[in-house]
Amino acid sequence: MSTPQATPSRSHSIAVLPGDGVGPEVTQAALTVLDAAQRRFGFGTDRTDVPLGADHYAETGELLTEEMVGRLREHDAILFGAIGSPSVTPGILERGVILALRREMRQAINLRPVRLYPGVPTPIAGLTPERCDLVIVRENTEGAYVAQGSTVHAGTPAQVAVQESVNTWYAVERAVDFAYRLASVRRRRLTLCHKTNVLVEAGKLWTAVMDSVGQRYPEVETDYVHVDAMCMHLPVSPERFDVVVTDNLFGDIVTDLGAVLQGGLGVAASGNLNLDGSAPSMFEPIHGSAPDIAGKGWANPAGACLSLAMMLGHLGEGEAAAAVEAATGAVLAGLPALAGEQMGASTQELGERIAVLVADGTATAVDNSLMSQLARVMGPTGATDEHRLSSRLDDRDAASAPGVLS
Ligand code: IPM
Ligand code: MG
């Protein structure tokens, strides 16, 4: 069902996918913040609830269907909560919904800021907000996430498991080009994170793409760090990084570490960005469905609210994006703890506090705001200028390319 929220001149159509566990709680808090942003900045949204998740799977046996893909494509963006439930074998919903959506919607990159807001406690001794403001650009559709491989001699001592990692120039070029573009509006420093000393073939391709695309961005200084070394540098000297570009699996791992720097998984946001305008982008907190605390109001809605801020930046609502980011940071700074009962307020109460600050505009603006930079980097249509890229797929190829559902 669709709920028109207002009738102003600017309106965005949003598919809301709350999912499982704490997903609906943090999403509801984010929608309260969105209501406040709409009223203050004079835009509207048309929201459609999408029931994907464990309950829908139990009732219908369905994961992401072709029909659902078609319906989702009609929206400007997807606001996502969390997916996963103890009632479903681990991996079924994650692969059948989250990974399927990322691939079907051609969400080429997963953008994950690592930012410590002023006053927010971090487990890293001596870390200050000035030293912790970077963005990880994770390639989002390939690498080891293609789910290609095979098992032979299953159930015998001779069992063989082959799990492949796929790296195409096409996908890597899009991730790297985006990372350069983002770096060029930030502190102009881009680091490739990989494991080129062991994953030699994939490493050659990533390095060659970095060099080739880099010719168009002479103003951006580049650097290379192995992924294992990244796990050492990130907590010790995060100021070394501005934008980091990396492969899907490495990106998954290092962004959990990044989340810890900024106060924990409950605070970390992400945007799965479609760069060619062919389908909506999707914005989700990094945390999972946390079934152990579902229904208690103990989940921190900051990750969901900062994901909402990214969505607003992506939709061209840069001022609203900056306001939601500032308000979320300010509310976080006042909390006695960043998760659980010790937060001192429920998920929804925190959403309401953030909404009040968005409405009155009193939170101090954040410098170097990624959320506002997104509005510039994505351009008016949200699409990458394909002509800059050396690898292209025309519409005919795209229409005949097999999706994950086929
Ligand atoms: C994430 C998650 C997912 C991933 C899982 C749930 C499939 O860990 O968004 O980081 O591996 O990408
Ligand atoms: Mg992860």
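Here, residue 1 is the first one in the sequence, and each next residue gets the next number. One-based numbering, in listed order, for ligands and for the atoms of each.
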Look at atom 1 (C) of ligand 1 and say which protein heavy atom is nearest, naming residue and atom and giving the distance to 0.1 Å.
R112 NH2, 3.4 Å
Counting only protein N/O/S atoms, those under 2.8 Å from the Mg ion (ligand 2) total 1
Sequence-distant partners of T362, side chain to side chain donor-acceptor pair (under 3.5 Å), two or more places apart
D360
State whether [X] and [Y] are salt-bridged, where the test is any N-O pair (Lys NZ or Arg NE/NH1/NH2 against Asp/Glu carboxylate O) under 4.0 Å.
X    : Y    : value
R10  : E317 : yes
R181 : D177 : yes
R174 : D276 : no

Side chains of E284 and N272: does their closest heavy-atom pair fall under 4.5 Å?
yes
Can you find an N/O atom of E284 closer than 3.5 Å to an N/O atom of ligand 1?
no
Pairs of nitrogen or oxygen atoms closer than 3.5 Å, one from N110 and one from ligand 1: do any exist?
no
Among residues at least two apart in sequence or on other chains, which ones pass side chain to side chain contact (heavy atoms under 4.5 Å, CB included) with S87?
A54, S85
For M230 versus V225, what's the shortest heavy-atom pair and its separation?
N-CG1, 3.6 Å
What's the shortest heavy-atom distance between L64 and E104, and which atoms?
CD2-CG, 4.3 Å
Which atoms of ligand 1 sit under 4.0 Å from any heavy atom of [X]?
X    : value
E94  : 6 (C), 7 (C)
R138 : 1 (C), 4 (C), 10 (O), 11 (O), 12 (O)
Y145 : 4 (C), 11 (O), 12 (O)

For E142, the option from N167, N248, T168 that meets side chain to side chain donor-acceptor pair (under 3.5 Å):
T168
Hey, could you give me each pair passing ring pair (Phe, Tyr, Trp, His ring centres under 6.0 Å) that has a residue in residues 282-303? Not counting sequence neighbours.
F283-H314
Any protein heavy atom sitting closer than 4.0 Å to atom 5 (C) of ligand 1?
no
Heavy-atom contact check, 4.0 Å cutoff: does R102 meet ligand 1?
yes
Nearest heavy atom to atom 10 (O) of ligand 1, choosing from D256, L93, D252, belongs to D252
